[in-house]
Amino acid sequence: MRLQNLASAPENPVEGQVYHNTTDHKTYAYNGTSWVEMGGGGTGDMTKAVYDTDENGIVDKAETLDDGAGNTATAEDVKDAVSASHTQNTDTGTTSGTFQLDSGNSGPKLKNNAGEVQLRNAADDGYADLRCKNLKVDGTTTIVDSETVTLADNILELNSNITVHGQNDDGGIAVKRLKDNDSDRADAEMYFDNTNGVWKVKDGATDDLQTHQVARKYSVAIGNGADTSLVVTHNLNTRDVTVTVRETGSPYAVVFPDIEMTSVDTITVKFATAPTENQYTVTIVG
């Protein structure tokens with residue numbers, strides 16, 4: 001493009017008109033009031049005179065940003081965003097101690113608290129809810145500070161980390177209780193005694209805890225029409241059992257045969273006359 005070459009400024013100019021002065025070899029533009037040198041400094045700066053008409057130090061077109069979809073931001077908005085920015089990289093992380101999800105709609109915050117990762121609410125005055133599919137917690141201690149724990153599982157498995165028979169150990173549940181000095185423990189417990197292979201309960205007053213074996217029951221119908229001495233295997237691992245023998249059918253009367261505690265897992269029931277097929281039912285508790 002070739003500019004108009006003149007020895008002096010043209011008469012009756014209009015705003016935006018440009019010409020090249022062949023006398024001083026400079027190019028000028030008319031800003032509606034006066035001719036200003038293009039590329040010159042000071043008050044004659046054409047860029048400032050034409051594009052910063054309100055003289056606020058910001059190019060007019062940059063005072064408001066518009067993405068063409070109705071979303072605008074002022075230069076002050078951009079300035080605030082830059083001053084409040086922090087280093088963030090999807091590969092290395094962020095220098096901010098708090099990161100908010102869905103910040104426009106009061107989403108929860110991820111927060112670093114002295115090396116502890118916390119999920120906080122939008123106001124950062126309490127914890128936020130967390131829901132996931134499968135949760136694995138590694139470590140020696142897991143603390144749940146809630147009044148109610150609801151589990152959908154039918155079986156609660158303890159000692160799940162064992163891999164060989166020699167790692168079998170006691171397991172159960174305990175209710176924390178303190179003695180009168182407010183420091184010594186006197187917990188009530190229900191646990192499996194692995195050494196003896198039985199369930200036990202520890203309860204009673206805090207200053208006089210007692211441990212009891214949990215009673216178990218085994219029932220079976222006996223009689224074959226031939227033998228008067230019948231061995232019953234109960235596998236309760238104790239001779240300290242109570243045995244009841246009754247008629248299997250109506251009127252279900254209790255009978256009193258001779259009974260021997262033959263071993264920790266068996267008893268022997270002796271009749272004067274051989275009972276018929278399944279004539280009696282033996283119940284063993286121990």
Side-chain angles (χ1 to χ4, degrees), residues 130 132 134-223 229-248 251-270 278 280-286:
L130 172 66
C132 63
N134 294 312
L135 178 64
K136 180 179 180 180
V137 180
D138 290 328
T140 58
T141 303
T142 301
I143 300 174
V144 180
D145 288 327
S146 62
E147 298 296 324
T148 302
V149 177
T150 302
L151 301 175
D153 300 276
N154 295 323
I155 300 295
L156 183 63
E157 184 179 88
L158 304 179
N159 298 342
S160 61
N161 60 332
I162 68 171
T163 56
V164 294
H165 178 271
Q167 294 176 330
N168 290 341
D169 202 354
D170 297 353
I173 59 174
V175 178
K176 180 180 178 180
R177 301 195 305 171
L178 298 177
K179 292 186 176 181
D180 292 342
N181 61 13
D182 297 331
S183 60
D184 292 340
R185 297 282 290 265
D187 296 351
E189 299 179 9
M190 182 174 182
Y191 65 97
F192 183 75
D193 181 345
N194 180 66
T195 301
N196 296 300
V198 295
W199 282 93
K200 290 185 176 180
V201 175
K202 183 188 295 184
D203 57 17
T206 56
D207 59 351
D208 186 26
L209 286 176
Q210 303 291 322
T211 300
H212 312 279
Q213 180 175 317
V214 176
R216 294 159 296 163
K217 183 185 77 169
Y218 176 77
S219 295
V220 65
I222 62 172
S229 180
L230 301 167
V231 176
V232 178
T233 301
H234 53 74
N235 289 322
L236 297 180
N237 194 33
T238 179
R239 281 190 167 90
D240 298 326
V241 295
T242 300
V243 181
T244 302
V245 182
R246 64 168 176 85
E247 295 174 339
T248 301
Y252 309 105
V254 175
V255 297
F256 299 94
D258 293 331
I259 298 174
E260 297 175 354
M261 312 309 180
T262 310
S263 73
V264 294
D265 290 319
T266 63
I267 66 169
T268 301
V269 184
K270 296 182 177 181
N278 295 332
Y280 299 108
T281 295
V282 177
T283 300
I284 306 167
V285 177

Find out whether Asp265 and Asn237 are in side-chain contact, i.e. whether some heavy atom of one side chain is under 4.5 Å from a heavy atom of the other. yes
Is it the case that the side chains of Asp208 and Gln210 hold a donor-acceptor pair, with the cut-off being a distance below 3.5 Å and no angle test? yes
Trace of the side chain to side chain contact (heavy atoms under 4.5 Å, CB included) decision for Val282 with Leu230: CA-CA 11 Å; Val282 177; Leu230 301 167; over 6 Å; no
Whether Asp169 side chain and Asn159 backbone form a donor-acceptor pair below 3.5 Å: no
Rounding to 0.5 Å, atoms CG (Asp203) and NE2 (His212) come to a distance of 4.5 Å
Please round to the nearest 0.5 Å and tell me the distance separating atom CD of Glu189 and atom NZ of Lys202. 4.0 Å
Between Val149 and Ser146, the two heavy atoms sitting closest are CG2-OG, 3.9 Å
To the nearest 0.5 angstrom, please state how far the CD1 atom of Ile173 sits from the CG atom of Asp187. 11.5 Å
Is the count of non-hydrogen atoms from other residues, nucleotides or ligands lying under 6.0 Å from Asp180 atom CG greater than 12? no
Output for pair (Leu209 CG, Lys179 NZ), nearest 0.5 Å, gives 7.0 Å
Do Thr266 and Thr233 have side-chain N/O donor and acceptor atoms under 3.5 Å apart? no
Do Ile259 and Val245 have side chains that approach each other closer than 4.5 Å (heavy atoms only, starting at C-beta)? yes
Is any side-chain heavy atom of Lys176 closer than 4.5 Å to a side-chain heavy atom of Leu178? yes
Student check: side-chain heavy atoms of Val198 and Thr238 closer than 4.5 Å: no
Mind checking whether Asp193 and Asp170 have side chains closer than 4.5 Å, heavy atoms only? yes
Atom CD1 of Ile155 and atom CG of Leu151: how far apart are they, to the nearest 0.5 Å? 12.0 Å
Could you go through Tyr191 and Thr211, starting from their C-alpha distance and side-chain angles, then the distance that decides it, and tell me whether this counts as side chain to side chain contact (heavy atoms under 4.5 Å, CB included)? CA-CA 10 Å; Tyr191 65 97; Thr211 300; 3.6 Å; yes
Counting C-beta onward and ignoring hydrogens, is there a side-chain heavy-atom pair between Thr283 and Lys217 closer than 4.5 Å? yes
When you compare the side chain of Glu247 with that of Tyr280, does any pair of heavy atoms fall below 4.5 Å? yes
Lys270 side chain reached by Ser229 side chain, heavy atoms, under 4.5 Å: yes
Short side-chain to backbone donor-acceptor contact, Thr206 and Ala186, under 3.5 Å: no
Give a yes or no on whether the backbone of Thr268 and the side-chain of Thr262 come within a donor-acceptor separation of less than 3.5 Å. yes
From CA spacing to verdict: side chain to side chain contact (heavy atoms under 4.5 Å, CB included), Tyr218, Val232: CA-CA 10 Å; Tyr218 176 77; Val232 178; 3.9 Å; yes
